[in-house]
Each structure stands twice: as C-alpha cells, then as structure tokens.
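Source: prediction; values computed, not measured. In listed order, ligands and their atoms are each counted from 1.
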Amino acid sequence: MLYTFYSSFLSDHISFLHEYFFSRIKVFILYITRLFLQTIPISIFHNYNTMSFSSQEDIFDDTFYKFFGMHIPNPAPIEIYSLQNEGNNPYDALQQSCLHSSTTNLDQTPVNDLLDNISREAEPSDIEINNSSSSPSSVRGRSYDSFCGIPSYDSPITKPSSFYNDLQLRADTTSPLTLLKAKKYLVVLVGLPASGKSSVAKHLIDYLDQNNVLGQPIRSGIYNAGDVRRSSVIITNGPIIIPNGSVEDDIFNPRNAKKKEEFARVALDSLLHDMANDVIDLAIFDATNSTIERRNYIWNVLRTFNNESNIMVTPLVLEVSCDKSEYIKYNVHNKAFNKDYCGNPYSSSILDFAKRLLYYKKQFTPFNEIEYPLLSSASNGNIFHFRISNAGISSVGNMIMFNKDIFDLETNLLIREIEKFSSNYHRYYGYCYTDRVENFFDNCTSNKQTPSVKAENIQRDYYRKVLSEIFNSSFLETLRMTNVELSCGGSGEQAIHIANNSI
Ligand SMILES: Nc1ncnc2c1ncn2[C@@H]1O[C@H](COP(=O)(O)OP(=O)(O)OP(=O)(O)O)[C@@H](O)[C@H]1O
Ligand SMILES: O=P(O)(O)OC[C@H]1O[C@](O)(CO)[C@@H](O)[C@@H]1O
C-alpha cells in the first residue's frame with residue numbers, strides 16, 4: 001500500500017516536473033528561434049479570415065511572460081497592415097475603412113495639394129492666452145475606471161494595397177542619426193466633442209501602466225486644449241464667450257475658429273516643452289483636432305521639433321467616434337456637469353452643447369488616408385492610425401505601417417500594445433461604460449423603491465426628457481449627415497436654429 005502511495009506520488013510529481021521543464025524548454029527554443037528571426041526583415045501579411053497574427057503572437061508572449069516575467073522582444077522590421085475586412089481583397093479593405101467616401105480614390109492630387117501646404121504656418125491670433133493652465137490635465141499613476149480582465153486578442157489583419165507602398169516611398173528618408181535620438185510618443189486624438197476622447201485617453205494611460213508595456217514605467221500626460229480655453233474664456237449662463245467679445249461671440253462658432261487654434265497651440269507648446277525637458281515619454285493631445293488644417297499644423301510643428309531637438313517624437317492618431325444616439329445623449333448629459341457649465345440650468349447646458357456639436361460637425365473632417373503622407377513625413381515614414389467607435393462595440397479598423405528601413409523594438413512593442421488596446425477596447429474598458437448607458441436609459445420598474453431611489457428616478461426622468469427633446473430624431477439626423485440642408489420645426493430644432501442663425 002505504501003509502495004502504491006509512493007509510486008503514485010512520484011509519478012504524479014515526475015509528470016508535473018516533466019511538463020514544467022518541458023514547457024520551459026519549449027518556450028526557450030521558441031525564443032531562440034525568434035531572436036534568430038530578428039535578423040531577417042520580414043513582412044507579415046495575414047488575412048484575419050484565416051488566421052490571426054495577434055492571437056498566435058500573444059499566446060507565445062503570454063507564456064513567455066509567465067516564465068520570464070517580461071515581454072518578449074518583437075521580431076525586427078515587421079509591417080502590420082491592419083484593416084477591418086470582410087473579404088479577401090486588400091483594396092476593398094482600404095475602401096471599407098475609409099470614413100470619407102470622396103477621398104477613397106487613388107488619385108494623388110489631393111495628397112499633392114496637402115503636401116504643398118506642408119510648410120504653411122498657423123496664423124497668429126490677437127488673443128492672449130494664459131499659459132499657466134497648460135500643464136497636463138492628467139498624469140500616469142492615477143486610477144481610472146477599473147481595468148478589467150486578462151486580455152485575449154483577436155485583431156483583424158489584412159494585406160495592404162500597393163497604394164500604401166507608394167505612400168511609404170514618399171516618406172522622408174530617415175537619417176541614421178535620428179535613431180540615436182531620445183524616443184517619445186505623441187497620441188493625437190481626433191473626434192467630435194463628447195465622443196469619449198478624454199475617457200479613452202485616460203484608459204489608454206491606465207492600460208499602458210497596467211501592462212508595463214516597455215518593462216519600465218511610461219511617464220505620460222494628457223494635454224487638453226479645453227483646459228487652456230477654460231482659463232481664457234468667460235463662462236456665462238449661456239454660450240461660452242471670448243473676452244472682449246459680444247454675447248454672440250460663442251467660442252465654438254466657426255467664425256471664432258482662429259481663436260480656438262490659439263488654445264490648441266498653447267496646449268501643444270506646453271506638451272512639447274514637457275517633452276523637451278524630459279518630463280514625459282508619451283503625451284496625449286486632447287482636442288477635437290477636427291480639421292485637416294489643424295492636423296497639418298500639428299505635423300508641421302512636430303517635424304520642426306524633431307529636426308531641431310535631440311528628441312524623436314513618433315506621432316500616432318487615435319480617432320474616437322460615437323454615433324449611437326443613446327451614447328451621444330448620455331455623453332452630453334455628463335458634459336452638462338463639467339466646468340463649462342457648472343451651476344447652469346441643465347436644459348440650457350444641454351442646448352448649448354447640442355449647438356457646439358453642430359458647429360463642430362459642420363467643419364469636421366475625419367482623419368483619412370489622404371493625410372497619411374503628411375503624418376508619415378512627421379513620423380520617420382511610419383503611419384499609426386487607430387480607431388475606436390462607440391466605445392469599441394462598432395468594428396472599425398486600424399492602420400499600422402512601419403517604415404521598413406528602421407528597426408525600432410520599443411516602438412514596435414508600444415504600437416502592438418496600442419493596437420491591442422484599441423481593437424479590444426470594449427472588452428477592457430468600454431463595457432463598463434455601455435452598462436452605465438444601459439442603466440441610465442433603463443426604465444426601473446422595481447416596486448421596492450426607497451425614497452432616495454425614487455428621487456433619483458424622478459431626477460433621471462427629467463434628464464432623459466430634456467435630452468430627448470433637444471436630441472430629438474431630426475436633430476440627431478442633422479448631426480449624422482454632413483452638409484445637409486437644415487430645416488427648422490419641432491421643439492428639438494432650437495439648437496439647429498441657433499447654430500444656423502449665428503454662422
Ligand atoms: N469610453 C468611455 N468610457 C467612460 N465614459 C465615457 C466614455 N465615452 C464617453 N463617456 C462619458 O461621456 C462623457 C463625455 O466623454 P469625454 O469627456 O471623454 O468626451 P470628449 O470627446 O473628450 O469630449 P470633449 O471633446 O467635449 O472634451 C464623459 O464624461 C463620460 O461620462
Ligand atoms: O481645439 P479643438 O480641436 O476645437 O478642441 C478643443 C475643444 O474641444 C472640446 O473638448 C470640445 O468640447 C473643448 O473642451 C475644447 O475647447
């Protein structure tokens with residue numbers, strides 16, 4: 001009996017030890033193979049219909065992490081072309097990924113026009129800005145919405161069209177000296193007001209912290225143009241106006257677009273100042289950055305900064321969009337309690353924000369591929385374009401294109417992580433938000449309501465009533481369509497009417 005016990009004990013443990021060492025050796029061999037692969041520039045093209053590059057890599061990476069407590073280095077110059085695609089044709093994927101149908105043709109003329117504009121400087125404005133408020137509005141280390149779950153990835157990867165290869169040829173040639181520069185990263189947010197940009201920015205910082213992506217802390221900060229604006233404008237119980245202006249001088253009226261550019265310039269200057277002083281490694285530029293001109297300005301400033309400093313800042317675009325009516329309403333509802341409106345009556349805040357959204361919508365141009373050459377000219381020939389839509393429930397693709405001539409392990413690792421973050425955003429963070437939206441619009445029918453729950457419900461009913469009056473279907477339709485003829489009529493048209501009359 002004793003013998004049986006010992007033999008079963010031993011065999012259990014021997015098989016455990018065998019499994020343990022064998023799996024370690026397996027990982028080690030895979031690692032060595034992978035190190036060998038690093039010497040070979042490879043391009044990886046996978047169609048996600050058949051195989052997911054990310055999921056295979058991540059199984060390997062997760063296993064490696066378990067055993068060695070660090071992430072494995074990436075194979076050298078990889079190109080990841082990542083577009084959400086239902087079919088096999090890469091060019092279809094490109095077309096599907098385009099947000100702006102007028103720019104999906106491969107005619108390079110608009111690109112040339114943009115490149116001609118490349119050296120154009122933003123015009124100075126007469127407004128005085130208080131620089132003191134331009135410090136980052138958020139820094140790493142803060143805790144945000146809970147980080148949820150162990151990631152498992154499944155990101156769509158497809159082959160690129162030759163169009164992107166052409167673009168790559170147009171990129172600036174990289175001097176070997178650039179590679180010796182200190183590396184920093186700039187995430188440029190693009191998206192309409194209340195689309196969730198600031199929330200996603202905080203989540204991204206949290207995600208990078210939690211995952212210890214580079215094996216050491218990434219010092220990061222959010223630079224918000226809205227914070228600069230708030231220190232320079234007059235908050236009224238009505239439109240937010242610029243100093244020395246009339247009451248009609250709503251800062252968000254496109255007439256005052258130049259003044260808004262100044263606020264953005266201050267925020268960007270402050271961000272680059274912090275990079276130059278080595279205060280941060282990764283900065284998020286939080287503004288709508290909703291026009292091509294603005295983005296062009298950013299790339300120009302960045303190119304100059306990169307040329308004149310001993311720092312190489314790699315820009316990434318992160319587009320955040322939201323077109324689900326419940327989400328728009330919920331987001332705007334929360335905006336009614338921020339610093340722009342504190343103390344103002346709820347309905348006037350909602351109305352003002354509706355007007356702001358409409359103003360922005362009229363001049364908003366989603367970031368699209370005709371701007372890629374401009375981005376790549378400020379980015380060592382790389383193109384990193386991520387998108388999150390409706391808190392990650394709508395599927396949109398990312399575009400990731402590495403310059404083949406440069407091997408940069410750190411950038412590779414970081415970009416891969418950000419790709420995971422944006423492709424899996426709903427699973428990591430977005431679901432907490434979508435649950436909250438659902439609760440907000442849910443009709444609570446429980447009989448056992450305490451007085452405070454009852455009071456909360458009455459309050460919430462009021463909010464929902466105001467929201468659905470202002471954000472009625474015709475207003476939402478107007479928002480959805482670009483350059484539509486606006487028609488008036490019905491209570492919810494008030495914002496459209498105000499916006500139209502004041503342009
Ligand atoms: N992904 C999200 N996670 C959590 N909350 C969100 C998310 N998206 C939107 N929200 C909610 O909507 C509100 C508005 O979102 P947020 O401030 O992030 O938008 P924004 O695009 O930065 O707006 P703005 O450009 O006007 O500053 C937030 O206060 C938050 O309550
Ligand atoms: O300079 P932009 O791109 O208009 O973005 C900044 C503005 O965006 C907003 O976040 C829109 O709500 C404002 O707070 C801020 O003034």
Side-chain angles (χ1 to χ4, degrees), residues 122 125 129 133 137-138 144-148 188-204 206-207 222-233 235 240 242 250-254 256-268 284-295 297-298 318-324 326-341 349 352-365 367 388-394 421-422 425-437 439-440:
S125 141
I129 312 282
S133 66
S137 50
S138 169
Y144 304 106
D145 288 4
S146 56
F147 174 77
C148 317
V188 175
L189 296 176
V190 174
L192 285 169
S195 52
K197 297 180 299 297
S198 305
S199 310
V200 168
K202 289 169 192 165
H203 292 152
L204 176 61
D206 184 57
Y207 178 84
I222 299 176
Y223 295 75
N224 187 317
D227 288 345
V228 178
R229 169 179 59 75
R230 273 182 279 274
S231 67
S232 314
V233 294
I235 309 282
I240 298 160
I242 50 177
D250 181 342
I251 182 66
F252 296 108
N253 189 316
N256 298 320
K258 277 190 184 161
K259 279 147 192 164
K260 272 198 310 116
E261 293 313 303
E262 271 303 288
F263 303 132
R265 185 187 60 71
V266 171
L268 188 60
I284 302 184
F285 183 34
D286 189 356
T288 67
N289 298 316
S290 50
T291 62
I292 293 184
E293 288 74 19
R294 162 70 68 77
R295 290 174 316 243
Y297 169 75
I298 298 171
L318 174 52
E319 265 191 302
V320 181
S321 59
C322 171
D323 58 17
K324 281 195 159 287
E326 306 277 90
Y327 295 178
I328 295 173
K329 285 192 246 178
Y330 178 78
N331 294 0
V332 172
H333 160 74
N334 281 299
K335 284 290 183 189
F337 304 101
N338 86 354
K339 286 185 205 144
D340 278 348
Y341 299 112
S349 308
D352 187 69
F353 208 94
K355 184 162 63 100
R356 184 193 306 192
L357 258 179
L358 207 60
Y359 279 148
Y360 269 98
K361 184 73 196 215
K362 286 183 172 189
Q363 41 88 69
F364 180 70
T365 311
F367 182 72
I388 294 173
S389 181
N390 293 318
I393 61 161
S394 301
F421 168 82
S422 73
Y425 179 76
H426 189 257
R427 215 181 310 172
Y428 298 164
Y429 295 96
Y431 75 92
C432 304
Y433 157 79
T434 51
D435 283 356
R436 280 201 298 272
V437 181
N439 286 339
F440 182 78

Is it the case that ligand 1 has an N or O less than 3.5 angstrom from some N or O of [X]?
X: Gly196; answer: yes
X: Asn334; answer: yes
X: Asp286; answer: no
X: Ser198; answer: yes
X: Tyr425; answer: yes
X: Arg356; answer: no

With heavy-atom distances below 4.0 Å as the criterion, list the atoms of ligand 2 near [X].
X: Gly226; answer: 14 (O), 15 (C), 16 (O)
X: Tyr360; answer: 2 (P), 4 (O), 5 (O), 7 (C), 8 (O)
X: Arg294; answer: 1 (O), 2 (P), 3 (O)
X: Lys260; answer: 4 (O)
X: Asn289; answer: 3 (O)

### Task
For ligand 2, note which part of Phe263 has a heavy atom under 4.0 Å away: side chain, backbone, both or neither.
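For Phe263, no heavy atom sits under 4.0 Å from ligand 2.
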Requested in this report: Evaluate the side-chain proximity of Asn289 to Lys197: yes if any heavy-atom separation is below 4.5 Å, no if none is.
Outcome: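 No, side chains not in contact.
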inquiry  = If the cut-off is 4.0 Å to any non-hydrogen atom of Lys197, which atoms of ligand 1 fall inside it?
reply    =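 Every atom of ligand 1 under 4.0 Å from some heavy atom of Lys197: 18 (O), 19 (O), 20 (P), 21 (O), 22 (O), 23 (O), 24 (P), 25 (O).
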Heavy atom of Tyr327 under 4.0 Å from ligand 1?
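Flag not set, Tyr327 not near ligand 1.
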**Arg229, any N or O under 3.5 Å of ligand 2 N or O** =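 Yes, since at least one N or O of Arg229 sits under 3.5 Å from an N or O of ligand 2.
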**Asked** Is there at least one pair of N or O atoms, one from Asp340 and one from ligand 2, spaced under 3.5 Å apart?
**Response**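 The answer is no, given that Asp340 and ligand 2 share no N or O pair closer than 3.5 Å.
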What do we get for Phe337 next to ligand 1 when only non-hydrogen atoms under 4.0 Å count, side chain, backbone, both or neither?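 No part of Phe337 comes within reach of ligand 1.
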For ligand 1, indicate whether the residue Leu192 contacts it via side chain, backbone, both or neither (heavy-atom separation under 4.0 Å).
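Backbone only.
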Q. So, does Arg356 sit close enough to ligand 2 that a heavy atom of it is under 4.0 Å from the ligand?
A.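 It does, in that a heavy atom of Arg356 comes within the 4.0 Å cut-off of ligand 2.
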Item to complete: May I ask which of Ala201, Ser199, Gly226 has a heavy atom nearer to atom 2 (C) of ligand 1 than the others do?
Response: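 Selected option, by shortest heavy-atom distance: Ser199.
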